[in-house]
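Structure, as structure tokens:
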Amino acid sequence: MSRVVIYTDGACKGNPGPGGWGVYLRYGDTEKDLCGGDLQTTNNRMELQAVIEALRALNRPCQIDFFLDSEYVRKGITEWMRGWKARGWRTSDKKPVKNEDLWRILDELLSLSGHSIDWHWVKGHSGDPGNERADALANEGVRMVQTG
């Protein structure tokens, strides 16, 4: 399996408001930047969208080291999603899961991909080069949607 390093980040100006997502992928000496956004969104939705777009960019099963500064996304994937699904996409206090549409897409991508993934949390805005690059891409995504 090919080993890929992925950094993702989301940004939002207003929360809700214009938002962007950024992805920095590295495979050996090859690097790829991706970004996009939405005019009316939230930071958590952009964090989720970044992971979704990163997975969509891969065309074969890979060994992935995923780095993200969103504990919401990391814990959602590694700790909470199994319970949400068992409860019909409800939280432990029986409320609907926020951003269920994106969580369902992410769940499907993860279950069908064949990827082997290690999820890593990295502190945002702490000088980690990959995270800083993903953050800059997320902010570029915001600018893209704001300027049309």
Side-chain angles (χ1 to χ4, degrees), residues 1-13 15-92 94-124 128-145:
M1 245 189 244
S2 302
R3 184 166 205 88
V4 179
V5 174
I6 301 174
Y7 284 84
T8 61
D9 202 8
C12 199
K13 308 303 180 192
N15 209 26
W21 54 267
V23 177
Y24 165 55
L25 295 102
R26 188 174 66 237
Y27 168 67
D29 292 334
T30 303
E31 297 178 337
K32 185 171 188 171
D33 294 333
L34 305 167
C35 65
D38 195 343
L39 275 173
Q40 190 62 21
T41 191
T42 66
N43 189 64
N44 281 342
R45 287 188 68 80
M46 292 294 92
E47 295 279 1
L48 281 164
Q49 193 67 51
V51 174
I52 289 168
E53 297 300 336
L55 291 169
R56 285 179 173 162
L58 302 173
N59 53 23
R60 66 180 177 275
C62 298
Q63 170 64 47
I64 305 170
D65 280 306
F66 240 113
F67 293 87
L68 51 164
D69 61 11
S70 171
E71 283 285 57
Y72 168 71
V73 175
R74 190 186 67 79
K75 286 185 176 183
I77 293 166
T78 62
E79 298 176 26
W80 306 330
M81 193 162 25
R82 182 174 295 141
W84 292 339
K85 289 167 53 177
R87 291 185 295 270
W89 292 96
R90 299 277 174 184
T91 63
S92 58
K94 302 192 178 17
K95 294 180 181 166
V97 171
K98 290 180 182 174
N99 305 309
E100 179 184 340
D101 58 332
L102 296 178
W103 283 112
R104 283 181 179 262
I105 292 167
L106 183 52
D107 180 47
E108 183 175 354
L109 286 169
L110 291 170
S111 62
L112 297 175
S113 70
H115 299 308
S116 175
I117 302 175
D118 290 318
W119 299 96
H120 308 277
W121 179 79
V122 60
K123 184 176 182 179
D128 180 288
N131 178 258
E132 296 294 334
R133 187 161 170 175
D135 179 69
L137 289 162
N139 282 297
E140 178 60 25
V142 175
R143 282 189 291 279
M144 286 168 49
V145 297

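What you see is a predicted model; the values in this text were computed from it and never measured.
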**Prompt:** Which residue, T78, V4, L55, forms the side-chain contact (heavy atoms from CB on, under 4.5 Å) with I117?
**Reply:** L55
**Message:** Could you tell me if the side chain of V122 sits less than 4.5 Å from the side chain of L68, heavy atoms only?
**Reply:**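 Side-chain contact under 4.5 Å: no.
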**Request:** Taking the side chain as every heavy atom from C-beta outward, state whether W21 and L34 have any pair of such atoms under 4.5 Å apart.
**Result:**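 The answer is yes, as the side chains (C-beta and beyond) meet within the 4.5 Å cut-off.
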How many angstroms lie between atom [atom1] of [X] and atom [atom2] of [Y], to the nearest 0.5 angstrom?
X    : Y    : atom1 : atom2 : answer
H115 : S2   : NE2   : OG    : 10.5 Å
E53  : I6   : CD    : CD1   : 12.0 Å
W84  : K98  : CH2   : NZ    : 11.0 Å
D101 : L48  : CG    : CG    : 9.0 Å
I64  : L58  : CD1   : CG    : 5.0 Å
E140 : R143 : CD    : CZ    : 4.5 Å

**Item:** Derivation of the salt bridge (Lys or Arg N to Asp or Glu O under 4.0 Å) call for D107 and K85
**Value:** CA-CA 10 Å; D107 180 47; K85 289 167 53 177; 3.1 Å; yes
Considering non-hydrogen atoms only, spot the tightest contact between [X] and [Y] and give its length.
X    : Y    : result
W119 : I77  : CH2-CD1, 3.5 Å
P61  : G114 : CB-O, 3.5 Å
T41  : R45  : OG1-CB, 3.4 Å
P16  : Q40  : CB-NE2, 3.6 Å
A54  : T8   : CB-CG2, 4.1 Å
H120 : R74  : C-CD, 4.1 Å

**Asked** Quick check: does any side chain N or O of N139 sit under 3.5 Å from a backbone N or O of D135, one acting as donor and the other as acceptor?
**Response**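 Checking the backbone N and O of D135 against the side chain of N139, a donor-acceptor pair under 3.5 Å is found.
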**Request:** Say whether, by atom type as modelled, one donor and one acceptor occur between the side chain of N15 and the main chain of N43 under 3.5 angstrom.
**Result:**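 Checking the backbone N and O of N43 against the side chain of N15, a donor-acceptor pair under 3.5 Å is found.
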**Prompt:** When you look at R133 and R26, which way does the side-chain contact (heavy atoms from CB on, under 4.5 Å) test go after all the steps?
**Reply:** CA-CA 12 Å; R133 187 161 170 175; R26 188 174 66 237; over 6 Å; no
**Prompt:** When you look at D9 and L137, which way does the side-chain contact (heavy atoms from CB on, under 4.5 Å) test go after all the steps?
**Reply:** CA-CA 8 Å; D9 202 8; L137 289 162; over 6 Å; no
**Item:** Salt bridge present between D65 and R3 (N-O < 4.0 angstrom)
**Value:** yes
**Message:** What I want to find out is whether R104 reaches E108 closely enough, with some N-O distance under 4.0 Å, to be called a salt bridge.
**Reply:** no
**Prompt:** Near R82 CZ, under 6.0 Å, is it more than 12 heavy atoms from other residues, nucleotides or ligands?
**Reply:**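 Atom CZ in R82 is not crowded, with 12 or fewer foreign heavy atoms closer than 6.0 Å.
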**Prompt:** Between V145 and D38, does a side-chain contact (heavy atoms from CB on, under 4.5 Å) hold up when you go through it step by step?
**Reply:** CA-CA 6 Å; V145 297; D38 195 343; 5.6 Å; no
**Message:** Parallel, tilted or perpendicular, judged at 30° and 60°: which one describes the rings of W103 and Y72?
**Reply:**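 The arrangement is perpendicular - the two ring planes meet at more than 60°.
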**Item:** K123/N131 under side-chain contact (heavy atoms from CB on, under 4.5 Å): CA gap, chis, key distance, verdict
**Value:** CA-CA 8 Å; K123 184 176 182 179; N131 178 258; over 6 Å; no
